[in-house]
There are 2 protein chains.
Amino acid sequence: MPQITSSYHHGDLHAALVGAGLALARKGGVDAVGVRDVTRQAGVSPAAAYRHFEDHRALVLAVALAAQDHLAEAIVARIATETADAPGDRDAAVARLRGVGLGYIDFALAEPGWFELALLTFDPGGEAPSVMVAEQIPAPFLLLLQALDACLDAGILTAAQREHAEWPCWSAVHGFADIATRGPLRGQDPAVLAALGADVVERIIAGVRADR
Amino acid sequence: MPQITSSYHHGDLHAALVGAGLALARKGGVDAVGVRDVTRQAGVSPAAAYRHFEDHRALVLAVALAAQDHLAEAIVARIATETADAPGDRDAAVARLRGVGLGYIDFALAEPGWFELALLTFDPGGEAPSVMVAEQIPAPFLLLLQALDACLDAGILTAAQREHAEWPCWSAVHGFADIATRGPLRGQDPAVLAALGADVVERIIAGVRADR
DNA sequence: ACGCTATGTTCACAGTGTTTACATCGACAA
DNA sequence: TTGTCGATGTAAACACTGTGAACATAGCGT
């Protein structure tokens, strides 16, 4: 177990910096996580960050990955409550799909700062995104894919309906989260936002289930 | 007509700065429009910008408004082509709605830099968004509202379906544009993106028209 | 012709990300 | 135990940014 040296050498600065970034991002969003602020919060000199991160971008991205984990947790939590009382396979499948969307929106409304960070995860920033390797598919997106596959298995969706269904689903839910977080709906009554979000989720599910 | 003085006093620096910002934002997005870059491009000293804009934010917002105009133009253009060969009132109404969505996506894919700017328009940045005054409803959003109302009038949508329908529609289209622009779909083949975008539009329209 | 005001310039300041040279700790080997 | 060395943190500097204050110029109205 790493002793707390309390002088010069930090126990695990990498983790400490990510933690500080997470705390700063919670209020203030992505702009609040700067090299100087993070290192200041960790009680360390600015240049120390460069021993653990290539870049400012790299630091932000590490924090973003942590935020993404929290997003995934929020989604699985909401899936659990939605599928709690869903009797049949068919009901459970759509409840699960609904849970993904509502969990995503939940998180965006509850933690807008972290949500903003989590979005950076989907943008490698590099040159060629090309093909997404299975290993690096973001957990939240994976949960959506699995929920849609479950709908296919349960007979909720036909094969034709399942095809590419992840994009309309993700688009609607992510779009609403963005609108409610940074867009014209920002600052509105949380209850109203939750109701509108639920409406969006229901309607996109209906759209995906519609005849083709 | 303002003579080109070519020394010290610029003809219309306000417009020139917005133009320069537009040019810079086209490649480079919102980050490229900084006070120093814009003034440099306009051939003027950095502090000159502060005679015409309160703030860096204010400058960016002015450029964003210009970008938003271009977005609105792209939408009306696409509406025109979609409704060109739509015989009945009912077909014309859904064609118009489809045109709004496709135009939005068109613009995002064709001019990602400007699109990023245009989004800032919907975010006043100030404290209380509260109620949107009719006068300051962004033109693109207004086009959506009008298209939905036309669907109501044409009997495509019931009153219950029309209610709050702007949010699922905007969420889906905006969400897809964001995903295709900054998200995991960025850099993908334009033809594929256009097809996926069209699919998203069709499915959200189906979702809005579904039984309630 | 004389100001007056609008507009643009210069200089300075605080803050940022980042690099370079130096200091210190912890561990491993003779 | 002692010496050395790599890993880790510090200090100082650089280039850059947005922004404000003091100054300069141009053109308009009296």
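Below, chain A is the first sequence line, B the second, and so on; all start at residue 1. Every value quoted in this text rests on a predicted model; they were computed, and no experiment measured them.
Rounding to whole angstrom units, CG of residue L17(A) and P of dG17(C) are separated by 13 Å. Rounded to whole Å, the distance from CZ on F53(A) to C1' on dT18(C) is 16 Å. dA7(D) atom C1' lies 16 Å from atom NE2 of H14(A), rounded to whole Å. Per the geometry, CZ belonging to R51(A) stands 11 Å off P belonging to dT10(D), to the nearest Å. A straight line from CG of L59(A) to P of dT16(C) spans 14 Å, rounded to a whole angstrom. As a whole-Å value, the separation of D31(A) CG from dG17(C) C1' is 14 Å.
Between A48(B) and E54(A), the residue anchored nearer the 5' end of DNA chain C, judged by the nucleotide with its closest heavy atom, is A48(B).
Taking the side-chain contact (heavy atoms from CB on, under 4.5 Å) definition, one finds that A74(B) meets it with F107(B), sequence neighbours left out. With sequence neighbours excluded, the residues satisfying salt bridge (charged side-chain N to carboxylate O under 4.0 Å, His left out) with R162(A) are D149(A), E166(A).
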Donor-acceptor pairs under 3.5 angstrom involving side-chain atoms of residues 197-210 of chain B: please list them, not counting sequence neighbours.
| from | atom 1 | to | atom 2 | distance (Å) |
| --- | --- | --- | --- | --- |
| D199(B) | OD1 | R212(A) | NH2 | 2.4 |
| D199(B) | OD2 | R203(B) | NH1 | 3.1 |
| E202(B) | OE1 | R98(B) | NH1 | 3.0 |
| E202(B) | OE2 | R98(B) | NH1 | 3.0 |
| R203(B) | NH1 | E163(A) | O | 3.2 |
| R203(B) | NH2 | Q161(A) | O | 2.4 |

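The stretch residues 13-35 of chain A participates, sequence neighbours left out, in these side chain to side chain donor-acceptor pair (under 3.5 Å) pairs: R26(A)-E111(A). Among residues at least two apart or in separate chains, side chain to side chain donor-acceptor pair (under 3.5 Å) pairs with a member in residues 68-82 of chain A are R78(A)-E82(A), R78(A)-D106(A).
OP1 or OP2 of dG9(D) has at least one side-chain nitrogen or oxygen of H52(A) nearer than 4.0 Å.
Two residues are said to be in side-chain contact when any heavy atoms from C-beta on lie closer than 4.5 Å; W170(A) and F176(B) fail this criterion.
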Nucleotides 11-18 of chain D: protein proximity per nucleotide (B base, S sugar-phosphate only, - neither; heavy atom, under 4.0 Å)
B-B---BB
